[in-house]
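These values consider heavy atoms only, across backbone and side chains, with no hydrogens, waters or symmetry-generated copies. Within every chain, numbering begins at 1; the chains are lettered A, B, ... in the order of the sequence lines, protein sequences first and strands thereafter.
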2 protein chains.
Amino acid sequence: MTQPLPTPDRQRATTVLDVARLAGVSAMTVSRALNQPQRVPPATRQRVQAAVEATHYVPNLLACGLRSRRSRLVAAIVPALGSPVFSETVQALTATLGAAGYHLMLGQSGYGAAGEDALLQAVIGRRPDGIVLVGVDHSRQTRERLAGCGMPVVETWDLTPTPIDMLVGFSHADVGAAVCRFLADQGRRRLAVVSGADGRAARRAQAFTATAEHLGLPAPVLVEVDAPTTLGHGRQALRQLLGHPAGVDGIFCSSDMLALGVLTEAAHQRIAVPGRIGVVGFGDQPLAADAEPALTTVRVDGARIGREAALRVIGRIAGAPAPELAALDVGFSIVPRRSG
Amino acid sequence: MTQPLPTPDRQRATTVLDVARLAGVSAMTVSRALNQPQRVPPATRQRVQAAVEATHYVPNLLACGLRSRRSRLVAAIVPALGSPVFSETVQALTATLGAAGYHLMLGQSGYGAAGEDALLQAVIGRRPDGIVLVGVDHSRQTRERLAGCGMPVVETWDLTPTPIDMLVGFSHADVGAAVCRFLADQGRRRLAVVSGADGRAARRAQAFTATAEHLGLPAPVLVEVDAPTTLGHGRQALRQLLGHPAGVDGIFCSSDMLALGVLTEAAHQRIAVPGRIGVVGFGDQPLAADAEPALTTVRVDGARIGREAALRVIGRIAGAPAPELAALDVGFSIVPRRSG
DNA sequence: CTGAAAGCGCTAACAA
DNA sequence: TTGTTAGCGCTTTCAG
């Protein structure tokens, strides 16, 4: 795995010194012209700029980071890079951090604490200036490592009374409760949850169930499916639910794709939605609005989560005091469409 | 944007020297114990290991990379991180590189040459040991920069007679031609293409059209939609096609999601698929097999592309000669299901 | 098998 | 406004 490889003999890349010589200034002046242009008179700045272009100079950010103790890198650890749920957040992180001169370094933890630990070790080795995590359930090791290294940390997409540092998210329990009430308000009584194997989805399901009990409804049927949630899982789940003796008239799915599967199977079996069964998804992906029937779902402002997380990291790096960057609850909303 | 921030005063992270002192050896021995364990006797190795754990030492990879001229980082530039089409490739890259001790650094170019240029500059600053690109259409600036820096480069998901360096992909023209013949073989004659705004999709569409002409069929109708392709776009496209005077009996969509939209609209309008219209997608996403009717689509082994690309980068870094790492055509297959 | 010296490329800190 | 010096943390190189 870590063989003693030959030292690479690629041609040495141009350095500040090359640029400095060509521009007839010192290395330090080149550095300043690039990083703090306002501290260098326009004439010198232009000479440096010309030399940079002539030599195709690209600063070595490893060296910059090592010397200045700022890597200009922020790491984000996401359960699944492919998941459309987080892509708005990743976009917003990239954009907001980019505008402030930071690069986003993406890692995928794969929904498990074990993967997260290993990934975190690798990530910390690159000395990012801050870390954004999706979720609040981390191993003790992860929490200690992060709390110990004094780096700005934002946990996202969830809430907790005991964040590692900063927090931007919403209450999954509230989502589960709200959706249950939403379905109950329409007179649905025999409820079910189709849920992917993911801690946050599980908490939504749990609160959904607790609320049903609280409302005096029969205990909802729970169908668990593997991650990632697919259209096929949704179809299968509905088939399973239809075999249930008590029957079902309202289903909360832990993703829009699962819900689309439920809609697909319902159409295939000529089961009326929303007539006989109400279906609610989660995520408000683009497909939700255009499904047939249009999918009622839970909308979360993923872009805002990304933006706020980025601003918090940047603020903390710039030295903002902790209290200004308290936890933020971005909330959620139920988008009522045709399906439920 | 680049303000003179205060030097971060986080507590100094532990360094090799701290570990060395604790283990009673020199810094060099610590380094060797970690990077070339076989060159250090077990006894010393264990003492070092113990000291590493006691101090929570995490090597500074910026310093490692700077000194050794190996960042152990490979960059991948993808048009859209959220796109499910590339997620298998990204997974395989991560896994294959990870097994060889490399980290993947992901960047999103956003389907445009302009974005790619800027991103590339940022990426090169981090001094990756290799670069994986999706696509073969790059600006002259990008090509020169990459060719000039002597870094291993793999272009993927396409073929070209003039690669920058290495190449792992398949022919989009062949895909377009094959799908056209596939539909024609079933007696479909009034064909159409629904295509996202993306160069590779455009080439598939072009070859599809050329093949139709070659087969003596009427010129296919082309519907272009914005990226990213959504279910809604697919529905809209079918509505548009149904208004076409000549009628349509076979549709090639540039993504499975678009195709699902076509299926959805067809079901809504009670248009028989495959009876009246045949539908073919692209990508063989999980949803394809479970759509109703099951979606005929083009399967590409994205995981293999990622694996082979990673192996080529690793091989080149390890000093393998260029000829061994020639271009690879991974091909594709049409997966016939119910829809067309 | 182990260590000492040197320096990767850059910028903080200070001096002029 | 500009330059000089030193050193970030590590590993290459060479000597023991």
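- In this structure, B:Asn60 places its CG atom 13 Å from C1' of D:dT11, rounding to the nearest Å.
- Sequence order on DNA chain C of the closest nucleotides to A:Arg39 and A:Leu17 puts A:Leu17 first from the 5' end.
- Atom-to-atom, CD of B:Gln36 to P of D:dC10 comes out at 16 Å; the value is rounded to the nearest Å.
- Checked by atom type and distance alone, the side chain of A:Arg72 pairs as donor or acceptor with a backbone atom of A:Gly101 at under 3.5 Å.
- The interatomic distance linking B:Arg21 (CZ) with C:dG3 (C1') rounds to 15 Å, in whole Å.
- Of the candidates A:Leu34, A:Asp18, A:Thr14, A:Val52 forms a side chain to side chain contact (heavy atoms under 4.5 Å, CB included) with just one, namely A:Leu34.
- Computed from coordinates, the A:Arg45 CZ to D:dT2 C1' distance equals 15 Å when rounded to whole Å.
- B:Arg32 places its CZ atom 8 Å from the P atom of C:dG3, with the value rounded to the nearest Å.
- Residue-to-nucleotide proximity on DNA chain D shows that, of B:Val58 and A:Thr44, the 5′-proximal contact is made by A:Thr44.
- For A:Ser26, a side-chain nitrogen or oxygen approaches OP1 or OP2 of D:dG3 to under 4.0 Å.
- Under 4.0 angstrom from either OP1 or OP2 of C:dT11 there lies at least one side-chain N or O belonging to A:Asn35.
- Neither OP1 nor OP2 of D:dC8 sits under 4.0 Å from any side-chain N or O of B:Thr15.
- Spacing between atom CZ of B:Arg70 and atom P of C:dG9 amounts to 15 Å, rounded to whole angstrom units.
- A donor-acceptor pair under 3.5 Å links the side-chain atoms of B:Thr96 to the main chain of B:Ala92, judged by distance alone.
- Within the structure, a side-chain polar atom (N or O) of A:Thr29 is placed less than 4.0 Å from OP1 or OP2 of D:dG3.
- Below the 3.5 angstrom threshold, one finds no donor paired with an acceptor across the side chain of B:Arg67 and the base of C:dG9.
- Of all nucleotides listed (C:dC8, D:dT2, D:dC10), D:dT2 comes nearest to the side chain of A:Pro41.
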Q.
A:Arg200 vs A:Asp137, test: salt bridge (charged side-chain N to carboxylate O under 4.0 Å, His left out). Steps then yes/no.
A. CA-CA 9 Å; A:Arg200 285 173 293 281; A:Asp137 295 323; 5.8 Å; no

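- The CE atom of B:Met28 sits 7 Å away from the C1' atom of D:dT12 (whole-angstrom rounding).
- Rounded to a whole Å, the CZ atom of B:Arg72 is 17 Å from the C1' atom of C:dC8.
- The side chain of A:Arg69 places an N or O atom within less than 4.0 Å of a non-bridging phosphate oxygen (OP1 or OP2) of D:dG9.
- A donor-acceptor pair shorter than 3.5 Å cannot be found between the side chains of A:Glu144 and B:His56.
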